[in-house]
S.K.: 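Here it is: the structure, laid out below.
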Amino acid sequence: MKNKLLKKAVASVMASAFICSAAPTGLSGSLLFDSSITANAEDETKEYTLDFNEDTGELHLSGVFPQYSGIPYEYKEKVTKITCTPGTVFPESASYMFSGFTKLTAVDLTGADFSRTKEARGFFSSCYKLESVDLTRTDFSAVTTMERMFRGCLKLKSITGLKASSSDLQSLDGLFMDCLELRTADVSGLNTSNVTTFAFMFSSCNRLESVNLTGIDTSSAMSFNQMFASCYALSSIDLSGFNTSNVKDMYKMFLSCNSLTSIDLSSFDTSNVGRMDGMFSGCISLKKLDLTPLEVDSCQRFKDIISDCRSLEELDISNFNEKTLDITGNELSLDYCYSLSKIKVGSGIHTIKASSFNRGTFWANEKDPGTNVIADNVINNSGENTYILNEDKGHFKSAGIEIDRNGTIGLRLFVDLPDTLTEEEKNSAYAMFMYDIGSGSSADLPIKKDADGNYYVLKPTLAKEMACSYIICLKVGGDTVDTVRYSVRQYADQILADPVKYAKEQDLIRSMLVYGGAVQRHFKFDLDDSFAPFIDSGISYSKTVVNDANHFVAPKDLSGLSYEGSSIVLGSGVVQRHYFKLTDGAIEDYKFMVDGKSVTPTEKEEGLCYVDAVKNASMMKLYTPSEISVYKTSDASKKMEFEYSVMDYVRLSKRVSGYSDTAAEVVRTLSWLADEAKEYITK
């Protein structure tokens with residue numbers, strides 16, 4: 001059915017009104033809508049067409065879109081694919097044109113004409129199910145902004161042919177922000193010579209593994225604020241082509257790049273940078289960091305620049321002078337840099353502090369390796385020095401981890417007991433495990449012997465401890481024979497370093513570590529409240545999240561009892577919890593069933609109670625739904641029923657606004673872990 005509006009007097013008015021009007025229903029077959037509208041009142045020969053096929057969910061575009069254009073609102077809930085006829089002309093302002101198309105999974109705009117399009121801000125933003133975009137044979141040649149163009153495309157895995165050939169482009173702020181499933185990104189086709197901000201460009205691209213930055217021009221850039229923040233899977237970044245001479249802001253640029261093991265900053269010119277605070281914070285895999293290429297005289301903010309770099313072994317900041325460090329009183333804090341074994345400092349740093357310095361470690365000046373320089377968690381520095389960690393005497397040998405199908409992890413270290421020990425002394429030997437943090441109790445574990453006569457010690461490790469490092473002391477007769485620092489992280493590094501030998505384990509190990517780190521940050525484990533109990537600590541329930549699930553078979557309200565929301569509780573496993581609100585009568589008036597078994601709800605506060613549907617679910621069972629039913633004891637026909645899994649909660653939570661950053665990180669990484677565990681088991 002076609003409607004052609006050809007009168008000059010009404011053409012432009014109708015083009016605007018069309019956006020808010022309901023599309024006419026097709027008379028027969030699968031074609032829901034097929035209309036043509038004039039592009040503008042001045043040229044009746046140019047028109048655009050929207051053809052929607054209700055059976056396939058495909059929306060096909062053709063013609064010339066008017067200056068002010070939009071897609072009818074009702075399509076947002078129906079369209080699954082967008083295609084166009086080659087030569088289809090897009091409007092000057094195309095901002096948010098396809099934003100919020102919640103069922104859209106694929107886009108092919110091959111041959112589309114964007115030559116007059118200047119604004120593409122939020123073009124595909126919040127297309128939660130969009131998986132692929134084909135922009136081959138298109139060129140955003142006149143576009144000045146691509147801000148948030150793909151932001152919130154939670155399922156987006158690939159983008160083909162993204163190009164902007166002219167120098168008109170000025171902003172890439174948040175271009176791929178929150179593209180949680182994006183594995184690779186290629187921005188080599190963008191002319192960025194006049195782009196002033198790259199802020200948040202890849203922020204929260206949790207699974208991004210590689211970025212093609214070939215030919216990227218950053219000569220006009222002023223902000224790299226959180227450019228790669230929370231790119232958990234990014235293991236390397238080639239920054240050799242970066243011109244940073246005009247950059248003023250590098251705030252949290254590499255925050256929580258958990259898989260980044262090294263970074264070369266030799267090309268950086270930071271003479272105009274005023275903010276570097278949090279720049280490498282949370283880079284838990286970074287092993288060596290040389291900051292000497294950075295010019296820091298103009299920088300006023302350094303706070304937490306390397307905090308929580310748990311694997312950092314060598315740090316060179318010998319160029320940090322007194323003028324630079326005046327803002328912190330000439331004091332360098334290395335809290336949570338658990339694996340640090342070498343620190344090279346200049347004369348500008350007078351004090352080095354770390355909470356781990358009181359854990360029985362031995363630090364020495366390289367000039368005098370036999371003398372411990374630690375006093376009250378502090379190294380007092382004078383002049384230019386290199387400090388080294390002096391611990392391992394070789395009694396701790398190979399290490400590994402044990403993982404069973406339930407997700408239980410054990411850290412195993414083999415021990416070479418000195419030959420000089422008597423059999424009685426060997427039998428009394430034990431290993432003391434201490435969290436490499438400022439406080440907390442230690443664990444004394446016996447040295448055991450396996451069937452082959454090898455000595456070993458096994459330390460159970462919960463999910464919250466995956467990214468923890470331990471100081472492990474070999475004790476014989478109360479004396480410390482040897483000390484090492486070790487973690488699941490170090491073993492995992494061996495797995496990740498050999499993708500050929502350990503091809504099957506790669507993604508699972510990586511996702512486990514990232515999830516463990518996310519849990520730690522959310523609950524401030526080993527940060528503020530080191531050993532707070534985890535049971536009954538979880539992501540708070542949200543009525544918005546759960547009532548959006550639409551898994552209900554019967555009414556959500558039982559005339560006195562309503563379903564309020566859900567949460568996940570994180571202990572040694574994951575608990576799925578459901579909340580109900582009593583508005584009339586007593587709780588005894590209702591019977592609660594979980595997977596066919598009667599359960600007694602727990603009262604949380606006045607009128608609010610909950611039941612646990614899954615207790616201590618392993619990572620292999622997070623997709624398994626539970627059946628929950630509640631009915632009135634007096635009338636079993638009045639009941640509500642629904643199925644719900646941990647991953648239902650996770651899936652919905654990932655797109656709820658207002659979620660705290662750390663809670664969102666736990667939810668996203670739990671989703672990643674569950675996916676990888678499921679794939680690992682089925683390989």
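Worth knowing before you read on, the calculation uses all heavy atoms, side chains too, and leaves out hydrogens, waters and symmetry mates. The model shown is predicted, which means the values in this text are computed figures rather than measured ones.
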S.K.: What are the two closest non-hydrogen atoms of Q506 and D498, and how far apart are they?
M.R.: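 Minimum heavy-atom contact is NE2-O, 3.7 Å.
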
S.K.: Show your working on side-chain contact (heavy atoms from CB on, under 4.5 Å) between L213 and F242 and close with a plain yes or no.
M.R.: CA-CA 9 Å; L213 300 171; F242 273 41; 3.8 Å; yes

S.K.: Answer yes or no: is there a side-chain heavy-atom contact under 4.5 Å between L130 and K155?
M.R.: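 Of all side-chain heavy-atom pairs linking K155 with L130, none is under 4.5 Å.
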
S.K.: I need the L289 CG to L265 CG distance, nearest 0.5 Å.
M.R.: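 Between L289 CG and L265 CG, I get 6.5 Å after rounding to 0.5 Å.
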
S.K.: Could you check whether S245 and N243, counting side-chain N and O atoms only, form a donor-acceptor pair closer than 3.5 Å?
M.R.: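 Indeed, the side chains of N243 and S245 share at least one donor-acceptor pair under 3.5 Å.
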
S.K.: Using every non-hydrogen atom in the two residues, find where A233 and W672 come nearest and quote the distance to one decimal.
M.R.: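 Looks like CB-CH2, 3.8 Å.
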
S.K.: Checking I379 against T351 for the side-chain contact (heavy atoms from CB on, under 4.5 Å) test, could you report, in this order, the C-alpha distance in whole Å, the side-chain angles of both residues, the deciding distance, and whether it holds?
M.R.: CA-CA 6 Å; I379 296 176; T351 305; over 6 Å; no

S.K.: If only side-chain N and O atoms count, and only distance matters, is there a donor-acceptor pair under 3.5 Å linking E147 with S171?
M.R.: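 Judged by distance alone, the side chains do pair up.
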
S.K.: Does the N385 side chain pair with the main chain of N365, one donor and one acceptor, at a distance under 3.5 Å?
M.R.: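 A pair under 3.5 Å: no.
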
S.K.: Does some side-chain heavy atom of L413 sit less than 4.5 Å from a side-chain heavy atom of I472?
M.R.: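 Yes, at least one pair of side-chain atoms sits under 4.5 Å.
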
S.K.: For the backbone of D217 and the side chain of T192, can you confirm whether one donor and one acceptor N or O come within less than 3.5 Å of each other?
M.R.: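 The answer is yes, because a donor-acceptor pair under 3.5 Å joins these two groups.
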
S.K.: For S223 and N225, run side-chain hydrogen bond (donor to acceptor under 3.5 Å, both in side chains): C-alpha distance rounded to whole Å, both residues' side-chain angles, the deciding distance at 0.1 Å, then the answer.
M.R.: CA-CA 5 Å; S223 176; N225 187 320; 4.9 Å; no

S.K.: Testing M250, M279, K252 one by one against F224 for a side-chain contact (heavy atoms from CB on, under 4.5 Å), which residue passes?
M.R.: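 Single pass found, and it is M250.
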
S.K.: Any non-hydrogen side-chain atom of K344 less than 4.5 Å from a side-chain atom of E384?
M.R.: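 The answer is no; the side chains never approach within 4.5 Å.
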
S.K.: Taking L239's backbone N and O only, do any of them form a donor-acceptor pair with S267's side chain (distance below 3.5 Å, no angle check)?
M.R.: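 Yes.
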
S.K.: With a 4.0 Å cut-off on N to O distance, would you call D173 and R151 a salt bridge?
M.R.: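 Here D173 does not pair with R151 in a salt bridge, since their nearest N and O are not under 4.0 Å apart.
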
S.K.: Is there a side-chain contact between L208 and F228 (heavy atoms, below 4.5 Å)?
M.R.: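 Heavy-atom side-chain distance check fails, nothing below 4.5 Å.
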
S.K.: Could you state the interatomic distance from CD1 (I317) to CD1 (I306), rounded to the nearest 0.5 Å?
M.R.: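 These two atoms lie 6.0 Å from each other.
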
S.K.: Shortest non-hydrogen contact from V247 to V273?
M.R.: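 Minimum heavy-atom separation between V247 and V273: O-CG2, 3.3 Å.
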
S.K.: Side chains of R510 and L496, heavy atoms from C-beta outward: is any pair under 4.5 Å?
M.R.: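 Yes, their side chains come closer than 4.5 Å.
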
S.K.: On a heavy-atom basis, which atom in L175 and which in M146 lie closest, and how many Å separate them?
M.R.: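 Nearest heavy atoms, L175 then M146: CD1-O, 3.5 Å.
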
S.K.: Under 4.5 Å between any side-chain heavy atoms of I237 and V211, yes or no?
M.R.: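 With C-beta onward as the side chain, the pair stays apart.
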
S.K.: Of D507, T184, D675, T669, which meets side-chain hydrogen bond (donor to acceptor under 3.5 Å, both in side chains) against R207?
M.R.: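 Running side-chain hydrogen bond (donor to acceptor under 3.5 Å, both in side chains) over D507, T184, D675, T669 with R207 returns exactly one hit, D675.
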
S.K.: Is E131 salt-bridged to K157, cutoff N-O under 4.0 Å?
M.R.: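 Salt bridge: no.
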
S.K.: Quick check: does any side chain N or O of S125 sit under 3.5 Å from a backbone N or O of G122, one acting as donor and the other as acceptor?
M.R.: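 Here the side-chain-to-backbone pair exists.
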
S.K.: Please report the interatomic distance CG(D178) to OG(S204), rounded to the nearest 0.5 Å.
M.R.: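 It comes to 5.0 Å.
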
S.K.: What are the two closest heavy atoms between C283 and F254, and how far apart are they?
M.R.: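 For C283 and F254, the tightest heavy-atom pair comes out as SG-O, 3.1 Å.
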
S.K.: In Å and rounded to the nearest 0.5 Å, what is the CG to OG distance from D264 to S236?
M.R.: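 If we round to the nearest 0.5 Å, D264:CG and S236:OG are 12.0 Å apart.
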
S.K.: Once rounded to the nearest 0.5 Å, what's the spacing between atom CD1 of I509 and atom NZ of K504?
M.R.: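 Here the rounded value is 12.0 Å.
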
S.K.: Nearest 0.5 Å, please: how far is CG in N258 from OG in S256?
M.R.: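 Nearest 0.5 Å value for the OG-CG distance: 5.5 Å.
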
S.K.: Would K342 and E366 count as a side-chain contact (heavy atoms from CB on, under 4.5 Å) if you check the C-alpha gap in whole Å, the side-chain angles of each, and the deciding distance to 0.1 Å?
M.R.: CA-CA 9 Å; K342 188 175 184 179; E366 205 169 42; 4.2 Å; yes

S.K.: For V187 and I216: C-alpha separation, side-chain torsions, deciding distance, then whether side-chain contact (heavy atoms from CB on, under 4.5 Å) applies.
M.R.: CA-CA 8 Å; V187 293; I216 194 168; 4.3 Å; yes

S.K.: Determine whether L260 and F280 make a side-chain contact, defined as any pair of heavy atoms from C-beta on separated by less than 4.5 Å.
M.R.: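 Not in contact.
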
S.K.: Keeping the roles fixed (side chain from T244, backbone from D269), state whether a donor-acceptor pair exists under 3.5 Å.
M.R.: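 Between the backbone of D269 and the side chain of T244 there is a qualifying donor-acceptor contact (under 3.5 Å).
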
S.K.: Taking the side chain as C-beta and beyond, is there a heavy-atom pair between V345 and I352 under 4.5 Å?
M.R.: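 Sidechains of I352 and V345: in contact.
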
S.K.: Which pair of non-hydrogen atoms, one from F176 and one from C205, has the smallest distance, and what is that distance?
M.R.: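 What the structure gives for the nearest pair is O-SG, 3.1 Å.
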
